[in-house]
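Please read the structure below before turning to the comments.
Each chain gets a letter, A, B and so on, in the order its sequence line appears, and its residues count up from 1. Keep in mind the model is a prediction, meaning the values are calculated, not measured. Side chains are part of it too, since the values below use all heavy atoms of this structure and drop only hydrogens, waters and symmetry mates.
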Amino acid sequence: MLQTTFIRENETLIIERLKKRNFDATTIIRQIIELDDNRKKTQQDLDALLSESNQLAKQIGDLFKQGKQQEAAALKEETALLKDKSTFLKEQQTSINDELLKLLYQVPNIPNEIVPAGKSDADNEIVFENKKQITLSNQKLPHWELAKKYNIIDFELGVKITGAGFPIYRGKGAKLQRALIRFFIDEAEKSGYEEIMPPLMVNEASGYGTGQLPDKEGQMYYMPVDDLYMIPTAEVPITNIYRDVILKEEDFPIKNVGYTPCFRREAGSYGKDVRGLNRLHQFDKVEIVQIQHPSKSYETLDLMVEHVKGLLEKLELPYRIARLCGGDLGFTSALTYDMEVFSAAQEKWLEVSSISNFEAFQANRLKCRFKNKEGKIELVHTLNGSALALPRILAALLENNQTENGIKIPEALIAYTGFEFIN
RNA sequence: GGAGAAAUGGCAGAGCGGUCGAAUGCGGCAGUCUUGAAAACUGUUGUACCGCAAGGUACCGGGGGUUCGAAUCCCUCUUUCUCCGCCA
């Protein structure tokens, strides 16, 4: 959520930038500013009124002490009217605040200057490509066939136990999952991230904190009996650690890495993209999160991209990096890089990571702030990225490394798997 | 799940319905002293909103109520602790 003061001071800039998202903010920004004027006015009136009745109350107290019951009683009558007025204004204030918040929730983050304009993923800008060639025989199989052939993932069994989108990994398939998780976490720790193991369910406040609520509640599994949500990504519990927190400048940068399963309802998904491991309701992901000083967040974003690049290099996967266009950019993000690996049998680029700088947008909802050198309280910048999401990595590993002798495990993983081939 | 106790500033811990944004201690920050440090002493030390400012308003776990006036009384929710039961 954008700050109202920022909106007031940058009206034209915001409207201009949001055009990149194909979002016409003209009306809503006007409404926000008018409502905010209204809010200020109401508070001034209310404060004056409360101030008056506070003083009266004090006088009445004094009069009682001096034993002047009659005069006190007279003053009491005055307070009744004040009270009526102030309750009315209080109600008005709450409703204005609610309405203002509702409007603010509707305005997406403003894209960074370098975000290309565009409507869909077709307009994303490829900024880097590793052109590693994968040559496969004519007998190449998609990963779901390979999974069956080597008996490492059972999709049908998952359907029996739970439903579609909940695969069962077994044998070397399960081991490979565990190997990838450990590999990703170890690599992150080498880059200075502290490991976090968070809860897999979060409360409503946390959903609001990172922006899943109020808009995307349909994406999360919800348990009404306990009023809890299953996390769609470790970003939610990890970033919410810093909700309502005031940091010190020397705390920067905060670097956390967490492995969690992720749960997504994926309502409305259909067709080819959901085949095999491409889109699941439950999947594993290692997530990196950073809290950074506003002046350093873009530097940090680059470092995070470099980190994920390193992972893909070590896994020997062909990949490319896309700078998302305005139309593809997430609601809360100012700049996002998508990392895509090439899965050679499907002959498709699969998104395996999305690394974003949210600037102060998330921090404003979270109320995550720091005390700057002048002693002023300022919002932090938050960033996160997958490093990495497992299923599509697994898909690409299976497809790209299929040989006559089985699936070849990349060098960097053998220490973790304990085997060199799946056969 | 049953019974009881509690929730106050960064932490610890007072708090009688008005003089409480809240004693005191510790910690933090600034200063005096010192070659430097420690000690000692002095001062300072929450957040948000409104206001050019002076200043005002709100916040003592959350929400509601009583009252002219609530950290203090009442209701409710949440959390924590102790005891009992169950259990990975």
Side-chain angles (χ1 to χ4, degrees), chain A residues 1-9 32-104 197-209 213 223-229 237 240-252 254 261 291 360 362-380:
Chain A
M1 154 174 94
L2 295 173
Q3 297 173 86
T4 14
T5 43
F6 180 82
I7 293 178
R8 299 184 75 98
E9 287 161 15
I32 287 171
I33 293 174
E34 274 166 31
L35 209 53
D36 193 46
D37 287 340
N38 218 311
R39 178 188 64 87
K40 289 186 183 188
K41 178 79 179 62
T42 311
Q43 184 174 345
Q44 280 169 29
D45 295 349
L46 180 61
D47 282 0
L49 223 52
L50 288 176
S51 176
E52 203 177 324
S53 40
N54 281 347
Q55 275 176 19
L56 274 179
K58 239 172 233 171
Q59 282 176 33
I60 292 172
D62 288 343
L63 289 173
F64 269 124
K65 248 179 240 160
Q66 294 162 23
K68 299 178 179 165
Q69 313 289 345
Q70 300 231 321
E71 292 171 48
L75 276 186
K76 268 195 195 183
E77 279 172 31
E78 272 187 56
T79 61
L81 184 65
L82 283 179
K83 203 176 180 182
D84 279 352
K85 277 195 203 161
S86 66
T87 14
F88 173 75
L89 277 178
K90 254 182 217 161
E91 279 165 16
Q92 205 173 3
Q93 193 189 36
T94 338
S95 80
I96 288 172
N97 284 341
D98 288 351
E99 207 181 323
L100 188 57
L101 206 56
K102 225 192 254 171
L103 288 177
L104 287 170
M197 242 195 210
L200 306 182
M201 301 180 202
V202 294
N203 56 27
E204 199 183 31
S206 295
Y208 275 95
L213 297 174
M223 284 152 292
V225 182
D226 299 290
D227 200 18
L228 292 172
Y229 297 85
N240 270 283
I241 293 173
Y242 308 98
R243 170 155 48 87
D244 291 320
V245 166
I246 297 178
L247 298 163
K248 299 194 199 82
E249 195 145 345
E250 57 265 32
D251 293 333
F252 295 126
I254 290 177
I291 314 278
Q362 233 176 20
N364 192 213
R365 281 199 186 184
L366 282 171
K367 294 227 173 7
C368 178
R369 296 161 295 172
F370 72 102
K371 206 169 243 180
N372 67 20
K373 291 208 175 77
E374 290 82 54
K376 288 251 171 68
I377 306 283
E378 217 182 308
L379 291 172
V380 302

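Pair assignment for rC59(B): rG46(B), on the basis of Watson-Crick or G-U wobble contacts that are both within less than 3.5 Å. Pairing for rG1(B) is with rC84(B), a Watson-Crick or G-U wobble pair whose two hydrogen-bonding atom distances lie under 3.5 Å. In this entry rU72(B) has no Watson-Crick or G-U wobble partner, no candidate having both defining distances under 3.5 Å. If you check rU24(B) for Watson-Crick or wobble pairing at under 3.5 angstrom, you find it paired to rA12(B). When both distances must be under 3.5 Å, the Watson-Crick or G-U wobble mate of rA7(B) is rU78(B). Look at rU66(B): it lacks any Watson-Crick or wobble partner with both distances under 3.5 angstrom. Both distances falling under 3.5 Å, in either a Watson-Crick or a G-U wobble arrangement, place rA40(B) opposite rU32(B).
Checking K58(A) against T79(A), the closest nucleotide of RNA chain B that is more toward the 5' end is the one next to K58(A).
Summarising the geometry, atom CG belonging to N364(A) is positioned 9.5 Å from atom CZ belonging to R369(A); distances are rounded to the nearest 0.5 Å. Separation of atoms NZ (K76(A)) and CG (L63(A)) is listed at 11.5 Å; rounding is to 0.5 Å. The line from CD of Q93(A) to CZ of R39(A) is 8.5 Å long, rounded to the nearest 0.5 Å.
rG13(B) and rG4(B) have their C1' atoms separated by 23 Å, given to the nearest Å. Across the C1' atoms, rC20(B) and rA58(B) are found 15 Å apart, a figure rounded to whole Å. Comparing rG15(B) with rG61(B), their P atoms are spaced 15 Å from each other, to the whole Å. To the nearest whole angstrom, the two C1' atoms, one in rA22(B) and one in rC60(B), are 8 Å apart. A gap of 24 Å separates the P atoms of rA7(B) and rG46(B), to the nearest Å. rG43(B) and rA6(B) have their P atoms separated by 37 Å, with the value rounded to a whole Å. Rounded to whole Å, the C1' atom of rU19(B) lies 26 Å from the corresponding atom of rA12(B). Across rG63(B) and rU78(B), the matching C1' atoms stand 10 Å from one another, rounded to whole Å.
Straight-line distance from the CD1 atom of I60(A) to the C1' atom of rU19(B): 16 Å, rounded to whole Å. Rounded to an integer number of Å, the gap from CG of L247(A) to C1' of rG10(B) is 14 Å. Regarding E91(A), its CD atom lies at a distance of 11 Å from the P atom of rG64(B), rounded to whole Å. When the P atom of rU66(B) is taken as reference, atom NZ of K76(A) falls 15 Å away, rounded to whole Å. Note: CG (D244(A)) to P (rG62(B)) measures 12 Å, nearest angstrom. Separating the NZ atom of K248(A) from the C1' atom of rG10(B) is a distance of 8 Å, rounded to the nearest angstrom. Distance E204(A) CD to rG62(B) C1': 14 Å, rounded to the nearest Å. Spacing between atom CD of E250(A) and atom P of rG28(B) amounts to 13 Å, rounded to whole angstrom units.
Judged by distance alone, the side chain of E249(A) and the main-chain N or O of K373(A) form a donor-acceptor pair under 3.5 Å. Side-chain N or O atoms of D251(A) include one that pairs as donor or acceptor with a backbone N or O of K248(A) at under 3.5 Å.
For residues 42-58 of chain A, the side chain to side chain donor-acceptor pair (under 3.5 Å) pairs, not counting sequence neighbours, are K41(A)-D45(A), Q43(A)-D47(A).
Considering V245(A), V380(A), L247(A) as possible partners of I254(A), the one that fulfils the side-chain contact (heavy atoms from CB on, under 4.5 Å) test is L247(A). Evaluated for a side-chain contact (heavy atoms from CB on, under 4.5 Å) with N240(A), the options N203(A), L366(A), V202(A) yield exactly one hit, L366(A).
With sequence neighbours excluded, no residue satisfies ring-ring contact (aromatic ring centres under 6.0 Å, His included) with Y242(A).
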Report summary line: The contact string for nucleotides 46-59 of chain B, one letter per nucleotide 5' to 3', using protein heavy atoms under 4.0 Å with B, S and - for base, sugar-phosphate only and none, comes out as -SSBSS----BSS-
